[in-house]
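The block underneath contains the structure these notes are about, expressed in structure tokens.
Just the heavy atoms: all of them, side chains too, but no hydrogens, waters or symmetry mates, feed the values below.
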Amino acid sequence: MTTVEHSPALAPLRQARERFLNDRPLPDDVPDEVLAAWRRARFFGVRHDLDGPVHDPELPVYSALLEAARPVLERIAPALGHSAMLLTDERLRVLWTTGEVPGDDRCRDLSEREVGHNSAALALRTRRRAEVHGPEHFLDVWQDVSAVSVPLLAPDSGQVLGTVTVASALCAGCGPHPGAALAEAAATAVEAELLARSRTAERVLLDAYTRAAAHSSGRAVVALDGRNRLVSEAAVRLATPQVLAALERSSTSERASGARPPHDSRLPHDSRPPQDTGCGPVVERSNGAGGGSNRKRPADAGGGPALERSHDTGSGPNRERPANAGSGPALERSHDTGCSPLQEQPYDLTLPDGAGCTATITPVRHEGRVLGIVAVLEARAAEVPVPRLVPRPALALAGGSVPWRHAVARAVELARVPEPLLLTGERGSGKTALARELLGEREPLVADAAESPELGVKYSELADGRPLLLRHAERLAQPDVAALNSLLDEHPDVYLLVTYTPGTPPGPCFQRLLDTLAARSVTLPALRERPEDVRELLPVLAPRPTPGQPPLTWTLDALRALEEHPWPGNVTELAHVVRALAEHRRVTGPVRRAELPDPVRERPAARRLSPMEHAERTAILAALRRHGGNKARAAAALGIGRATLYRKLRGYQGIS
């Protein structure tokens, strides 16, 4: 690897960047992707002449990705030479770094909103290896830096968890980055470690649940680890949504604060060694020699709250640890190697008022870290365990996946200004529900082109600021499309929310309407693109149980079937399945896979895409999003025929 500050291959791009920063006309040979990235950076207000620290992100108190990746990366670090390596999470927050590159100490957030174009952001967006060299970066400080990033995928769901980046001095030539193989190897090793830990965690949690439930066949036992949930038959009637939410928060809190080695419960309280409470965010910087790491903590690093799951809105649990905590079962460490079992002391968890039961919590620990909890529930003698009606999260806001959070956040940001807003997505993806949530308490005029293609709304009715919600805009009659175009020409700030489902290619008049609304548009992801949200949607979609009846719960096998189904009807189709089960099933206990409809239960095995097919599919979906679902424009941007685009889309249906 050599440093080439004046590489002939990069000189034209360096000159084009200077012209762009000075608002001068650009040559025609600037790559579209690079030019679009520069424009996004300008739109986000990124300063190219970064002269101080950028936004310091709020780091997670506990990161399972960092815990799994750190030992792997520290073993690889000695092979870096004069390069640097960085680990980010799915929000591109830098969790760990070793080596030095320009700007490394200032850029702790690699999102495009903060630092502009870079390889980590590109790899996260495309879900494949990405390289960015010298003048392709927006920041001045990275003009002599080359970087290659590889996305880290969850072993079970394929969700992007973060990125591994190798950065070095500017590379010569146009070939692959010299650190590409090292970055690929690091990502593969981290994913293997994540897979091993995932399987081990499920086995340890199941063992702990089995031991706790074995004391009595009628014991109410719940085991949770943030991804899996095991509920005994006796616990179904006690485990109301608010009880499960409190248990999930307790599990998250234990995992955040329990990464330290367990104490020996035989020691007197005063003689136990002091322990790191794990509070406050931590950035890991390796010394590059595979040894320990130095921790950088902000000035105020004490007492930070433990992270909760994104759909939990309540405060953290109050823990009551009695002086004599010997009551209740003590779970032992399982699968330890060469160590005598260490017992965890159970403690009582304070549940919300009206929960109807008490909970005794025992952390499940393996190899010095807490994986989850086992809770033993007991009904209060003075109360009947009837589920209370508690406020549910709005359906339009349910979901914690990255694509859904980004789409909702973008829609909320645009909706702060009462101007036209276009919500695009497949049928049943939640466009109308999100539109009504964005309106809040304001009562809109509603026009549904699916019921009547004629609008029948005059501007005078909107003059007082009352919003108009226009559903199924793709079904508008031609005269109303023309009238709507005229309305937006004369009153571009009219308060208008439009839902649009892409389908057949739009005509010229309707395409003009889409072009007018494109500047303020949001594309909602399909449910198959965010399968991790299925578990959060289920309790929101299920009807409220009648008094004395347990809520609808699901076995792990049924949940996996629901998450693997492609859901062509999206959330609407999922809602029909959930309601039908709630209304017609005659058995008790969690819903099993055998009870699901045939298309959901017996989904044929999906063929996995090759890396080339995956890259092609990603490029097609990105082009469709950029052009508001317009297949003709997306095909033109990709340089292929429209018939070819349709054929490829049909070929990708049902493929994971």
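Side chains of L161 and E90 form no contact here, defined as non-hydrogen atoms less than 4.5 Å apart. Looking only at side-chain heavy atoms (C-beta outward), V30 and W38 come within less than 4.5 Å of each other. A heavy-atom distance below 4.5 Å is not found between the side chains of L421 and Y495. Side-chain contact check for V494 versus L468: every heavy-atom pair is 4.5 Å or farther apart. R40 places a side-chain heavy atom less than 4.5 Å from the side chain of E112.
A salt bridge links D489 with R512: the closest approach of a Lys/Arg side-chain nitrogen to an acidic carboxylate oxygen falls below 4.0 angstrom. Between E595 and R601 there is no salt bridge, since no side-chain nitrogen of the basic residue lies less than 4.0 Å from a carboxylate oxygen of the acidic one.
In this structure, R42 forms a cation-pi arrangement with F20, its terminal cationic atom sitting closer than 6.0 Å to the ring centre and no more than 45° off the ring axis.
Enclosure of atom CD in E33 is not indicated, since only 12 or fewer non-hydrogen atoms of other residues, nucleotides or ligands lie within 6.0 angstrom. At most 12 heavy atoms of other shown residues, nucleotides or ligands fall within 6.0 angstrom of atom CZ in R427. Open room surrounds CZ on R91; 12 or fewer heavy atoms of other groups in view lie less than 6.0 Å from it. Within a 6.0 Å sphere centred on CZ of R585, heavy atoms belonging to other residues, nucleotides or ligands number more than 12.
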**OP:** Give the intermediate values and the outcome of salt bridge (Lys or Arg N to Asp or Glu O under 4.0 Å) for residues R229 and E248.
**Re:** CA-CA 9 Å; R229 182 183 293 173; E248 289 284 7; 2.8 Å; yes

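Aromatic ring centroids of F44 and F138 lie 6.0 Å or more apart.
R19 places no side-chain N or O within donor-acceptor distance of the main-chain N or O of R24, the cut-off being under 3.5 Å.
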